[in-house]
Amino acid sequence: TMPNMPLSPAPLLKGEVIATGLRAPWALEFLPDGRVMFTEREGRVRVIQDGKLLDEPAVIVPDIKSWSKMGLLGLVLDPQFAENHFVYVAECYGKSNDEHDNSERVVRYREQNNKLIEPKTLIDHIPCFHNHAGGRMAFGPDGKLYITTGDADQPLLAQRLDALNGKILRINSDGTIPSDNPFFGKPNANPAIWSYGQRNSQGLAFQPGTGLLFETEHGPNGGDEFNLIEKGQNYGWPFVTHDRTASGVSAPLIQFTPSIGPSSAVFYEGDMFPNLRGDLLVATLRGESILRVHLDGTKVTSVERLLFRKYGRIRELKIAPDGALWISTSEFDPPEGRKYEKFDQIIRLTPAGGEVTKIDRPPTARDIPRPVGAVNIYRETCLSCHGDGTDNSLNSNLFDGKWQLSKGTDGDLRQVIRDGNISRGMPGFAGSMTAKEIDDVIGYIRQRETAAKPKAPGV
């Protein structure tokens, strides 16, 4: 349990819709002249000018693969953008219809008259597969570009230094590798790696004043993390998760179970909300809120939840030059989103109105209600990977009786759900589901199996 540290009153917020009818807007940046540039996961970079969304994209990337959580992801401006107009974009792409033929690259463009031109690939062949693609980028106080990568559903590779899966990378703005990277010149190690053992990091935030790097990471089933990222450190995935510890592995500052789905993260430095100054703000997807994280040094002392379930899943969170908070929703984001056509929005948040829920510790089942009933338990724990018996599932359909990790008996199913299969990307649920809940899920799977079987003639 975290200590209760009283905070000055949290702000009340009101929202103004800036752009709507979007498809999974992912990353957003403010240009020095007041324009706003953002990515849509389906492959477009868009521009907002004078408060209006321009019809013509800045660029459409032709070979984008936007399956599930892949696509056009991170976007960041060069620290010297006013002089060089460089924009960096993370792109998941593929050259065939083979679902395994996917890679991620970071491309540097030059912005000219609301267009992105002169693409130059800085780093390529980062593995990505359906989900766990990372894709968040940030420039550090050192002028280096930091890039998150997902494990690409190959968890064991997050521990291998010769693979880019499950890492944070650090490169120069021209794509070369800094010689002070921790594994530079080391045999059997990729020199771009800054840290490793990460599952799927989607938030990077450098703390003003200290320059410390904080990261948000999606856990396997709960176990979402806030980490302090240090040079060359191992963060444990897939062998150390939730509250487990191990020698030589950096433990998270805080972990969240049930899952909140932490995405973008930023330290607030603006003038519009003076009570937020110095706090880490985190957009959450499954948590459908903004978390306000108060730190004493590198220790998390309290957490507040803002806008809980007001705008749905929140992917991006940025601080505007005037201090307003800008967010993007991620409702059209199968399979976890609600697939609302033309719903996704970019929203500007300013003082007054809204709601705040105070939490003096990490959210627990008391704050995010546990699912009740077999259907809801399945949707909470299994749906995001296995789908609901449709073609949208990331992994195998659990209702057709064709088992990949199990012999299909109830006992074998129970063991797989309880213990998982790390080498195949299947987390164990023993730490987050009771034995009864596991049996309830098996019963639901059997019920759906029976319903799916073709009836005999005349029946």
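Between the side chain of Arg313 and the backbone N or O of Ser330, at least one donor-acceptor pair lies under 3.5 Å. A distance-only check finds no donor-acceptor pair linking the side chain of Arg292 to the backbone of Leu306 [under 3.5 Å]. In this structure a side-chain-to-backbone donor-acceptor pair under 3.5 Å is present from Tyr268 to Phe273. The closest donor-acceptor contact from the side chain of Thr216 to the backbone of Gly203 lies under 3.5 Å. No side-chain donor-acceptor contact under 3.5 Å links Thr20 to the backbone of Gln345. Here the side chain of Lys231 pairs a donor or acceptor atom with the backbone of Asp180 at under 3.5 angstrom. When atom types are taken as modelled, the side chain of Ser195 and the backbone of Ile229 share no donor-acceptor pair closer than 3.5 angstrom. Side chain of Asp63 to main chain of Gly94: no donor-acceptor pair is present (N/O by atom type, distance under 3.5 Å, no hydrogens or angles). Side-chain atoms of Lys167 come within 3.5 Å of backbone atoms of Ala163 as a donor-acceptor pair (strictly under, hydrogens ignored). Although no hydrogens or angles enter the test, the distance criterion places a donor-acceptor pair under 3.5 Å between the side chain of Asp344 and the main chain of Ala24.
Taking the salt bridge (charged side-chain N to carboxylate O under 4.0 Å, His left out) definition, one finds that Asp142 meets it with Arg170, sequence neighbours left out. Shown here are the ring pair (Phe, Tyr, Trp, His ring centres under 6.0 Å) partners of Phe206, two or more places apart in sequence or in another chain: Tyr146. With sequence neighbours excluded, the residues that form a side-chain contact (heavy atoms from CB on, under 4.5 Å) with Gln80 are Asp78, Glu83, Asn84. With sequence neighbours excluded, the residues satisfying side-chain hydrogen bond (donor to acceptor under 3.5 Å, both in side chains) with Asn172 are Lys144, Thr176. Listed by chain and number, the residues in a side-chain hydrogen bond (donor to acceptor under 3.5 Å, both in side chains) with Gln233 are Ser250 (sequence neighbours excluded). Qualifying side-chain hydrogen bond (donor to acceptor under 3.5 Å, both in side chains) partners for Gln159, counting only residues two or more places apart in sequence or in other chains: Asn234. Among residues two or more places apart in sequence or in another chain, the salt bridge (charged side-chain N to carboxylate O under 4.0 Å, His left out) test is passed with Asp440 by Lys436. Shown here are the side-chain hydrogen bond (donor to acceptor under 3.5 Å, both in side chains) partners of Tyr235, two or more places apart in sequence or in another chain: there are none. Partners of Phe214 according to the ring pair (Phe, Tyr, Trp, His ring centres under 6.0 Å) rule, which considers only residues two or more places apart in sequence or in another chain, are Phe267.
We find the CZ-CG distance between Arg46 and Leu28 to be 12.5 Å, quoted to the nearest 0.5 Å. Here the OG1-CG distance, from Thr149 to Asn200, works out to 8.5 Å after rounding to the nearest 0.5 Å. In this structure, CG on Leu213 lies 5.5 Å from CG on Leu204, to the nearest 0.5 angstrom. A distance of 12.0 Å separates NE2 in His294 from NZ in Lys299, rounded to the nearest 0.5 Å. Between the CG atom of Leu281 and the CD1 atom of Ile290 there is a distance of 7.0 Å, given to the nearest 0.5 Å. Annotation: the span from Leu276 atom CG to Leu325 atom CG amounts to 6.5 Å, rounded to 0.5 Å.
Within the cation-pi definition used here (under 6.0 Å to the ring centroid, within 45° of the axis), Arg110 does not qualify as a partner of Phe86.
Under the salt bridge (Lys or Arg N to Asp or Glu O under 4.0 Å) criterion, the residue pairs touching residues 129-141 are Arg136-Glu316, with sequence neighbours excluded. Within the structure, the salt bridge (Lys or Arg N to Asp or Glu O under 4.0 Å) test picks out the following pairs touching residues 261-271 (sequence neighbours left out): Asp271-Arg277.
The two residues Ala138 and Val76 have their closest heavy-atom pair at CA-CG2, 4.4 Å. Nearest approach of Pro238 to Thr241, heavy atoms of both residues: O-CG2, 4.1 Å. Between Lys14 and Tyr311, the shortest heavy-atom contact is C-OH, 4.4 Å. In terms of heavy atoms, Ile64 sits closest to Glu91 at CD1-CB, 3.9 Å. The two residues Ala324 and Thr350 make their nearest non-hydrogen contact at CB-CG2, 4.1 Å. Leu73 approaches Cys92 most closely through the heavy-atom pair CD1-SG, 3.9 Å.
Residues Asn227 and Leu253 have side chains not in contact (no heavy-atom distance under 4.5 Å, counting atoms from C-beta outward).
The one candidate from Ser263, Ser264, Ser289 that meets the side chain to side chain donor-acceptor pair (under 3.5 Å) condition with Thr284 is Ser289.
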Verify ring pair (Phe, Tyr, Trp, His ring centres under 6.0 Å) between Phe30 and Trp326, making sure each step is shown before the conclusion.
-> CA-CA 10 Å; Phe30 295 94; Trp326 284 48; 5.0 Å; yes
For the pair Thr301 and Asp296, evaluate side chain to side chain donor-acceptor pair (under 3.5 Å) and give the outcome as yes or no after the intermediate values.
-> CA-CA 6 Å; Thr301 54; Asp296 181 5; over 6 Å; no
What's the verdict on salt bridge (charged side-chain N to carboxylate O under 4.0 Å, His left out) for Arg23 and Glu40, showing C-alpha distance, side-chain angles and the deciding distance?
-> CA-CA 6 Å; Arg23 295 291 283 267; Glu40 284 183 287; over 6 Å; no
Taking it one step at a time, do Arg286 and Glu288 satisfy salt bridge (charged side-chain N to carboxylate O under 4.0 Å, His left out)?
-> CA-CA 5 Å; Arg286 185 170 292 188; Glu288 298 187 28; over 6 Å; no
Could you walk me through whether Lys65 and Glu104 pass salt bridge (charged side-chain N to carboxylate O under 4.0 Å, His left out), step by step?
-> CA-CA 10 Å; Lys65 274 192 176 178; Glu104 190 168 354; over 6 Å; no
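Under the 3.5 Å distance criterion, with hydrogens and angles disregarded, a donor-acceptor pair is assigned to the side chains of Asp224 and Ser259. Side-chain contact check for Ser201 and Gln198: no donor-acceptor pair (N or O, by modelled atom type) lies under 3.5 Å. With 3.5 Å as the limit, one finds a donor-acceptor pair spanning the side chains of His132 and Arg199. Using a 3.5 Å distance cut-off with no hydrogens or angles, the side chains of Asp243 and Gln255 do pair a donor with an acceptor.
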Indicate every side-chain donor-acceptor pair of residues 184-191 with a distance under 3.5 Å to a residue at least two apart or in another chain.
unit_1 : atom_1 : unit_2 : atom_2 : d
Lys186 : NZ     : Pro182 : O      : 3.4
Asn190 : OD1    : Ala192 : N      : 3.0

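Relative ring orientation between Tyr88 and Phe139 is described as perpendicular, the plane-to-plane angle rising above 60° on a 0-90° scale split at 30° and 60°.
Taking the centre of each ring, Phe183 and Trp194 stay at or above the 6.0 Å mark.
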